[in-house]
Undergrad: 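Pasting a structure here, questions to come.
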Amino acid sequence: MDAKLRKFDTKVQHLKYKVLREVAREAWAGRLAETAIDIPKTIVPGKVPTMRCCVYKERAILAERVKIAMGGMKDNPNVIEVIDIACDECPMGGYEVTSSCRGCLAHRCEDVCRFGAITFDEQHVAHIDKSKCKECGACSKVCPYSAIRNYRRPCESACKVKAIYMGEDKQACIDNDKCISCGACVYQCPFGAITDKSFILDVIKYLKESEEKGTKVYAIVAPSISSQFSYAKLGQVVTGLKKLGFHTVVEAALGADMVAQSEARELAEKGFLTSSCCPAFVSFIEKNFPALKPLVSHNLSPMGAICKYIKDHEPDAKTVFIGPCTAKKMEISRPEVKPYVDVAMTFEELQALFDSRDLDITTLEEGVLDNASYFGRIFARSGGLSDAVAEALKEQDIDFIVKPCACNGIEECKIALLQKKMGKLDANFIEGMACIGGCIGGAGCLTHGEKNKAEVDKYGKEALEKTIADAVSVLK
């Protein structure tokens with residue numbers, strides 16, 4: 001297996017990385033405008049296809065990937081995009097007749113279908129005409145042999161908010177009115193036909209300007225970084241960021257400490273809150289439970305809080321958030337966040353940035369990253385935010401008992417919000433995490449898995465600042 005591939009879960013991620021790396025490499029050299037068109041041929045040289053039916057289709061798809069790596073469609077506000085020509089290898093999906101069909105005489109499936117989509121062959125076996133089928137599922141429900149099954153595409157199965165539908169040519173389409181930009185479909189698409197826009201060119205632009213004009217660019221790293229870059233040490237990643245040109249590396253977890261303090265006070269004052277840290281969760285509330293929107297905490301997310309602190313003290317500085325989350329790329333366009341965060345990028349993009357500069361971080365000395373407390377760092381995993389709010393109430397001597405409902409994934413979030421809407425939720429604080437496991441399960445991670453939670457807890461225990469108050473006091 002290719003050494004680079006070991007840094008990622010899948011070959012789809014590896015392909016995405018190669019495009020990002022080449023785009024970044026050409027941008028550093030200042031020749032991207034002239035060479036962007038040649039990148040597909042650089043990745044797929046010769047005439048032998050490696051992934052598709054022919055090299056010409058591979059390169060056509062890679063050309064679309066290059067566009068998305070350069071910022072994607074400007075007229076599409078969503079950071080999640082579908083590459084139409086790459087979305088043609090999945091089965092049609094929907095309801096299919098399996099080999100369990102016995103060719104019975106009852107033909108209940110035919111009788112119940114209102115669209116005339118069921119027909120029978122000479123052996124009396126049922127068949128479904130996809131051009132007529134409306135996927136209502138009525139035939140499946142009445143089949144005495146359970147011979148009609150619903151086969152959904154991976155992207156549809158991954159999307160828990162039903163934002164993905166099939167277009168006229170049966171390609172995946174995204175309903176922006178439903179999409180929360182969580183990126184679940186991005187990670188689950190086996191062909192990489194759904195991907196997130198990259199703003200890596202903006203990062204390179206700021207880093208170049210810092211070298212030329214002396215402006216400061218801050219790297220704000222999410223605490224889930226402790227479970228990434230497993231082939232190197234965290235301190236080497238920190239040094240690598242400074243080698244790229246970042247002035248200072250700051251923990252987003254310090255922003256989490258700030259949020260825990262203020263969110264604890266807000267909770268005690270109002271009596272009920274839902275968290276505001278996960279942008280996909282906040283978007284889910286706005287689009288599906290608008291009546292509950294006033295219950296969302298008025299605090300910025302940890303990313304927003306620490307970037308605001310930096311901008312308040314150094315207005316000319318640039319702030320770049322680096323984490324596992326595709327929804328963060330949408331969050332920075334929100335009016336309450338936009339003034340403070342200049343770019344959001346993923347760990348996948350950071351790996352590409354390192355390699356575009358031929359930086360082997362395993363050879364670097366270890367830098368230090370220690371701005372936050374244990375409680376700020378465990379925001380990265382499900383339940384961590386609830387623990388931090390409880391600790392903040394205790395440290396601030398606030399007489400209020402938090403009764404949290406920690407939601408692990410958007411489906412659990414939906415259940416908790418429905419219960420709150422109906423007045424049946426036995427909790428006064430909803431911690432909503434759109435990704436399974438919390439931020440450590442984000443679509444922009446290099447690797448995914450249970451081991452990540454243990455790594456985050458271990459990382460949290462290594463913090464020099466043992467209380468939230470100690471961490472925040474450093475800012476003062």
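In what follows, every heavy atom counts, from backbone to side chain, and hydrogens, waters and symmetry copies are set aside.
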Undergrad: Looking at every heavy atom in both Ile83 and Glu64, which two are closest together, and how far apart are they?
TA: CG2-CB, 3.7 Å
Undergrad: Would you say the side chains of Asp257 and Gln261 form a donor-acceptor pair under 3.5 Å?
TA: no
Undergrad: Between Asp316 and Lys213, does any side-chain N to carboxylate O distance fall below 4.0 Å?
TA: no
Undergrad: Give a yes or no on this: more than 12 heavy atoms of other residues, nucleotides or ligands lie within 6.0 Å of atom CG of Asp312.
TA: yes
Undergrad: Give, for atom NZ of Lys458 and atom OH of Tyr374, the distance between the pair rounded to the nearest 0.5 Å.
TA: 14.5 Å
Undergrad: Quick one, Ser224 with Phe347, criterion side-chain contact (heavy atoms from CB on, under 4.5 Å). Give me CA distance, side-chain angles, the key distance, then yes/no.
TA: CA-CA 10 Å; Ser224 50; Phe347 294 133; 3.6 Å; yes
Undergrad: Where is the tightest heavy-atom contact between Cys189 and Ile194, given as atom of each residue plus distance?
TA: SG-N, 4.0 Å
Undergrad: Restricting to non-hydrogen atoms, name the atom on Ile440 and the atom on Gly437 that form the minimum distance, rounded to 0.1 Å.
TA: CG1-O, 3.3 Å
Undergrad: List the steps, then state whether salt bridge (charged side-chain N to carboxylate O under 4.0 Å, His left out) holds for Asp196 with Lys16.
TA: CA-CA 10 Å; Asp196 53 306; Lys16 180 180 177 183; 2.4 Å; yes
Undergrad: Around atom CD of Glu209, are there more than 12 heavy atoms of other residues, nucleotides or ligands at under 6.0 Å?
TA: yes
Undergrad: Judged by atom type as modelled, is there a donor-acceptor pair below 3.5 Å linking the side chain of Gln396 to the main-chain atoms of Ala392?
TA: yes
Undergrad: Nearest 0.5 Å, please: how far is CD1 in Ile220 from CZ in Phe246?
TA: 9.5 Å
Undergrad: Under 3.5 Å, is there a donor on one side chain and an acceptor on the other for Lys308 and His313?
TA: no
Undergrad: Can you tell me how far NZ of Lys318 sits from CG of Leu207, rounded to the nearest 0.5 angstrom?
TA: 12.0 Å
Undergrad: Under a 4.0 Å N-O cut-off, is there an ion pair linking Arg25 with Glu22?
TA: yes
Undergrad: Tell me yes or no: between the side chains of Gln13 and Tyr187, is some donor less than 3.5 Å from an acceptor?
TA: no
Undergrad: Between the side chains of Asp355 and Tyr17, does any donor sit under 3.5 Å from an acceptor?
TA: yes
Undergrad: Please tell me if the side chains of Phe354 and Lys243 come closer than 4.5 Å, counting only heavy atoms from C-beta onward.
TA: no
Undergrad: Test Lys311 against Asp342 for salt bridge (charged side-chain N to carboxylate O under 4.0 Å, His left out), laying out the working first.
TA: CA-CA 10 Å; Lys311 292 277 191 174; Asp342 293 294; 2.8 Å; yes
Undergrad: Could you tell me whether a side-chain N or O of Glu395 sits under 3.5 Å from a main-chain N or O of Ala469, the two making a donor and an acceptor?
TA: yes
Undergrad: Under 3.5 Å, is there a donor-acceptor pair linking the side chains of Asn299 and Ser276?
TA: no
Undergrad: Is a side-chain donor-acceptor pair under 3.5 Å present for Asp470 with Thr467?
TA: yes
Undergrad: Between Asp177 and Lys287, does any side-chain N to carboxylate O distance fall below 4.0 Å?
TA: no
Undergrad: Quick one: does Ile332's side chain get under 4.5 Å of Lys338's, heavy atoms only?
TA: no
Undergrad: Between Lys421 and Phe289, is any pair of side-chain heavy atoms under 4.5 Å apart?
TA: yes
Undergrad: Please tell me if the side chains of Tyr218 and Glu314 come closer than 4.5 Å, counting only heavy atoms from C-beta onward.
TA: yes
Undergrad: Please check if the side chain of Gln236 supplies one atom and the backbone of Thr362 the other of a donor-acceptor pair under 3.5 Å.
TA: yes
Undergrad: Kindly compute the distance separating CD (Glu135) from CE (Met166), expressed to the nearest 0.5 Å.
TA: 8.5 Å
Undergrad: Would Val23 and Arg65 count as a side-chain contact (heavy atoms from CB on, under 4.5 Å) if you check the C-alpha gap in whole Å, the side-chain angles of each, and the deciding distance to 0.1 Å?
TA: CA-CA 10 Å; Val23 166; Arg65 294 191 190 283; over 6 Å; no
Undergrad: Report the residue from Thr363, Leu364, Asp358 that forms a side-chain contact (heavy atoms from CB on, under 4.5 Å) with Asp360.
TA: Thr363
Undergrad: Any idea how His14 and Phe8 line up, ring-wise: parallel (<30°), tilted (30 to 60°), or perpendicular (>60°)?
TA: tilted
Undergrad: Find out whether Phe321 and Val343 are in side-chain contact, i.e. whether some heavy atom of one side chain is under 4.5 Å from a heavy atom of the other.
TA: no
Undergrad: Measuring from atom OH of Tyr459 to atom CG of Leu369, what distance do you get when rounded to the nearest 0.5 angstrom?
TA: 4.0 Å
Undergrad: Can you name the closest pair of heavy atoms from Ile468 and Ala388 and give their distance?
TA: CD1-O, 3.5 Å
Undergrad: For a side-chain contact (heavy atoms from CB on, under 4.5 Å) check, start with the C-alpha distance between Thr319 and Val217, then their side-chain angles and the critical distance, and finish with the verdict.
TA: CA-CA 6 Å; Thr319 54; Val217 185; over 6 Å; no
Undergrad: Under 3.5 Å, side chain of Glu348 to main-chain N/O of Gly444, donor-acceptor pair present?
TA: no
Undergrad: Atom NZ of residue position Lys414 - does it have more than 12 heavy atoms of other residues, nucleotides or ligands inside 6.0 Å?
TA: no
Undergrad: Kindly determine whether Val221 and Leu241 satisfy side-chain contact (heavy atoms from CB on, under 4.5 Å), including the steps that lead there.
TA: CA-CA 10 Å; Val221 295; Leu241 284 163; 3.9 Å; yes
Undergrad: Looking only at side chains, do Ser297 and Glu263 share a donor and an acceptor under 3.5 Å apart?
TA: yes
Undergrad: With the side chain counted from C-beta on, respond yes when Leu300 and Tyr340 share a heavy-atom pair under 4.5 Å apart, and no when they do not.
TA: yes
Undergrad: Would you sort out whether Glu431 and Ser275 count as a side-chain hydrogen bond (donor to acceptor under 3.5 Å, both in side chains), showing the intermediate values?
TA: CA-CA 5 Å; Glu431 174 197 313; Ser275 62; over 6 Å; no
Undergrad: Should the pair Lys329-Glu349 be classified as a salt bridge under the 4.0 Å nitrogen-to-oxygen rule?
TA: yes
Undergrad: Identify the two heavy atoms, one from Ala172 and one from Cys155, that lie closest to each other, and give their separation to 0.1 Å.
TA: CB-SG, 4.2 Å
Undergrad: Under the side-chain hydrogen bond (donor to acceptor under 3.5 Å, both in side chains) criterion, do Ser140 and Asn150 qualify, and how do the steps go?
TA: CA-CA 8 Å; Ser140 178; Asn150 186 15; over 6 Å; no
Undergrad: Does atom NZ of Lys270 have more than 12 heavy-atom neighbours, drawn from other residues, nucleotides or ligands, at distances under 6.0 Å?
TA: yes
Undergrad: Checking Glu269 side chain against Arg265 main chain: does a donor-acceptor pair fall under 3.5 Å?
TA: no
Undergrad: Ignoring hydrogens and angles, state whether a donor on the side chain of Glu331 or Ser301 is under 3.5 Å from an acceptor on the partner side chain.
TA: yes
Undergrad: Which pair of heavy atoms, one from Asn371 and one from Leu254, lies closest together, and at what distance?
TA: O-CD1, 3.2 Å
Undergrad: So how far is it from Ser181 OG to Lys197 NZ, rounded to the nearest 0.5 Å?
TA: 9.5 Å
Undergrad: Please check: side-chain N/O of Asn428 versus main-chain N/O of Ile401, any donor-acceptor pairing under 3.5 Å?
TA: yes
Undergrad: Check whether any side-chain heavy atom of Cys405 lies under 4.5 Å from a side-chain heavy atom of Leu425, and answer yes or no.
TA: yes
Undergrad: Quick one about Thr239 and Glu365 (side-chain donor to acceptor, distance below 3.5 Å, no hydrogens or angles considered), yes or no?
TA: no
Undergrad: So Met433 and Phe281, do their side chains get closer than 4.5 Å, heavy atoms only?
TA: no
